[in-house]
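Structure, as structure tokens:
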Amino acid sequence: MRAYCFPQPETVRETVVSSFGGVDFRTHPTKLPLSRSPDMQNMICDQNDYLVKRTGWQTQHNYGAPIYGLFPLPDGTGCVVHAGKTLFVRADDGAQTSLCTDMNETFSQSFVMGGVLYLLDGQTFRAVRRTEADDAWEAVRVQDIAYVPTTTISAQPTGGGTSYEAVNLLTPKRINTFIGNGTATQFQVDAKELDDAEVTAAVNDKTVTVSSVNRETGLVTLAAAPENGNGLANVAITFSKTVEGYADKINRCRFAGLYGGKNDTRVFLAGNPDEPACDWQSGLYDPTYFPDTGYTRMGTDASAIVGYLKQYESQLIVKEGGAQESTSYRRTFLLSDDGTALYPLTQGAQGTGAVCPRSFASLGDLPLFLSARGVQGVFGTTVAEQRTIRSVSDAIVPRLENEAGLENACAIVFEDKYYLAINDHVYIADGKLTEPNGDPAWFYWANVPAQCLAELDGRLWFGTADGRLCRFSLAEEDGAYRDDDAAIDAYWRTPTLPLEDWGRVKTVRDVIPTLMPHSRSGATVQYESEDGKTLAMSRNMDLFSFKTLDFSRFSFRCIPGAISYRTRYRQHRMPLLAVRIGNDRIDEPFGLLALTIRWTAGPTII
């Protein structure tokens, strides 16, 4: 007699995702670890290592012209906005003041030194500073306040003397000092063909009368003979000698790098399209003084300097690349025997060059910049102080390299994250979340029309091409989860999963997301199979709150703990599975703590 065989119950298995990393647009979705996503949008990793929907942004003001620059004031009381041709100061309370209306209509950059904000727009080098009465801000041309160098000292009335300071590129004015002999009234300055500008003289720091000037020969005649200086220079003559093109060498620069060894004592300017491989060095703590001898040429003009990076006690200068020359140079600092500051340059290796001056920033101790092949990092070694440049953005390169106009991207480091904005998209490298290959984890945001970024008062702000000044919201603010009046479409997708067995079909019994609690939230779960997307469930996950009370979605849930729910939606005969979960509803936060997939194995794939 045959024995009856009872069918064996199916073994229910679980695949759990409880740790989250960044996106990976490069690797095939079937080859990714559970923590990484082949498709994620408008999510970011919380400090506690789970995913949350990003907060939205709100327009704070509309300038009616493209915003080309956004810079915090040195004292933290507001910001400077470069919109169209106008430069504004915007106070913390939103009050606006126009400083000038002749800005260059292109992207600008800035640096701060000595409590003054210096702006570079490729047309005019400006300083934004407090007025003399210290009751307002003003924008002045740096060439109007430039340091006047003393080019020759201790000369005899007939000329000669000792060269002292180099000519300032920003001003035609110069000072010569002489030793009076008690009888001479004529003094020969160290230049000829002087400008028509006024020539002034002082004896023992007291102004005296200039009776005549032979501008062709540079001979200055005083009304009376100065007293004998007894070997000491007691006569000072100030005159002007313009050298064509000198001021434009600085005014046409587009970006700056602060450096001075251990301290940022000087500023180096570059980006002049007329001399793309050259930079200029300022005086000590003085950006109004650029000596005509303080320039450095790096390679040929076939490859332009694109930006500066600081790494430890060195300054790195990165060029475009593409020519048969080095992509990077390393500048160091040393003092000569006579106390003169020297900045020797060493040539780096050939490699990927930079494409965008506004992409340079340091994420912790990792300098970053944008190239045509993605974001590059500069890594240092202790072996002969070598510097290696390699990509840190392989995970996002397939999408990033297809963005148009990479030269117009902008970047900022904010709260230990590197934000790179281009074409309404933002690529974010998280400095606290590292992938197995050592690169930072990357995230991707959409619908952020930023073309310049700034950190103001501890918040992330941006300007847009249509003139809007916008600020990202804090999570606790009203309307924090909307972009102006638009909903934020945020989602995360699992890798394409064989669920432990490539050779069998599976029955998915449940998908169980575990969500963060909010007074109003929800999630939509979709199964993605060979046949396309299948909606499993869209559910509200609200906590009871009088503030958001809505009887159409009333909830008795009051305990603010993690919330899990089952889709109770079966999918049969699935060889591969991916799950997408997200939230695209206005004013709804969303946080994903974990995702559980319950399934059983079926027959072998035919």
Side-chain angles (χ1 to χ4, degrees), residues 71 73-75 80 108-132 134 137-153 162-177 190 205 236 238-243 245-272 275 278-296 308 310 313 315 317 331-336 338-345:
F71 314 104
L73 286 168
D75 63 356
V80 171
S108 54
Q109 295 196 61
S110 73
F111 65 92
V112 174
M113 183 172 280
V116 178
L117 177 70
Y118 293 91
L119 297 178
L120 297 140
D121 65 1
Q123 176 177 278
T124 305
F125 184 33
R126 280 187 172 84
V128 177
R129 63 181 188 177
R130 300 294 292 177
T131 58
E132 188 173 348
D134 197 26
W137 292 93
E138 63 178 358
V140 297
R141 299 192 312 166
V142 176
Q143 63 191 73
D144 293 336
I145 59 170
Y147 172 75
V148 179
T150 300
T151 54
T152 299
I153 60 174
T162 302
S163 295
Y164 183 54
E165 294 177 317
V167 170
N168 188 353
L169 293 171
L170 282 169
T171 179
K173 292 184 178 181
R174 310 176 191 182
I175 299 172
N176 286 180
T177 65
D190 63 5
D205 296 328
T238 302
F239 61 97
S240 297
K241 164 67 176 177
T242 297
V243 179
Y246 262 25
D248 278 346
K249 289 179 183 291
I250 304 303
N251 282 323
R252 287 175 60 77
C253 287
R254 302 297 305 276
F255 48 86
L258 298 179
Y259 180 66
K262 295 183 179 180
N263 301 305
D264 293 334
T265 57
R266 284 178 168 83
V267 61
F268 293 80
L269 300 186
N272 186 328
E275 301 182 66
C278 186
D279 74 353
W280 290 267
Q281 163 195 324
S282 77
L284 183 66
Y285 291 112
D286 189 0
T288 72
Y289 180 37
F290 283 87
D292 64 349
T293 57
Y295 65 91
T296 305
Y308 296 94
K310 183 82 177 292
E313 295 182 10
Q315 184 187 56
I317 304 100
R331 176 176 277 138
T332 54
F333 168 80
L334 59 87
L335 286 174
S336 65
D338 62 359
T340 302
L342 301 176
Y343 296 92
L345 214 63

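Just so it is clear, the structure is predicted and the values come from calculations on it, not from any experiment.
No side-chain heavy atom of N272 sits less than 4.5 Å from a side-chain heavy atom of R254. With a 4.5 Å cut-off on side-chain heavy atoms, L117 and V80 count as touching. Side-chain contact between E313 and F333 is absent, with no heavy atoms from C-beta onward closer than 4.5 Å. The closest side-chain heavy-atom distance from V267 to Y308 is not below 4.5 Å.
When every heavy atom of D190 is checked against every heavy atom of F239, the shortest pair comes out as OD1-CZ, 3.3 Å. Between V140 and R129 the shortest heavy-atom distance is CG2-NE, 3.9 Å. Here the closest non-hydrogen pair linking L120 and A256 is CD1-CB, 3.9 Å. When all heavy atoms of P291 and A166 are compared, the pair lying nearest together is CB-CB, 3.7 Å.
No more than 12 heavy atoms of other residues, nucleotides or ligands shown are found within 6.0 angstrom of OH on Y295. Sparse packing is recorded around OH of Y164, with 12 or fewer heavy atoms of other residues, nucleotides or ligands lying under 6.0 Å away. Heavy-atom contacts from other residues, nucleotides or ligands closer than 6.0 Å to CG of D205 number 12 or fewer. K173 NZ: 12 or fewer foreign heavy atoms inside a 6.0 Å radius.
Ring planes of Y343 and F268: perpendicular class, angle over 60° (limits at 30 and 60°).
Between R126 and D121 there is a salt bridge, with a side-chain nitrogen of the basic residue lying less than 4.0 Å from a carboxylate oxygen of the acidic one. R252 has no carboxylate O lying under 4.0 Å from a charged side-chain N of D248, or vice versa, which leaves the two without a salt bridge.
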Y289 and E165: CA distance, side-chain angles, deciding distance, side-chain hydrogen bond (donor to acceptor under 3.5 Å, both in side chains) verdict: CA-CA 11 Å; Y289 180 37; E165 294 177 317; 5.1 Å; no
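Not counting sequence neighbours, S163 has no partner by the side-chain contact (heavy atoms from CB on, under 4.5 Å) test.
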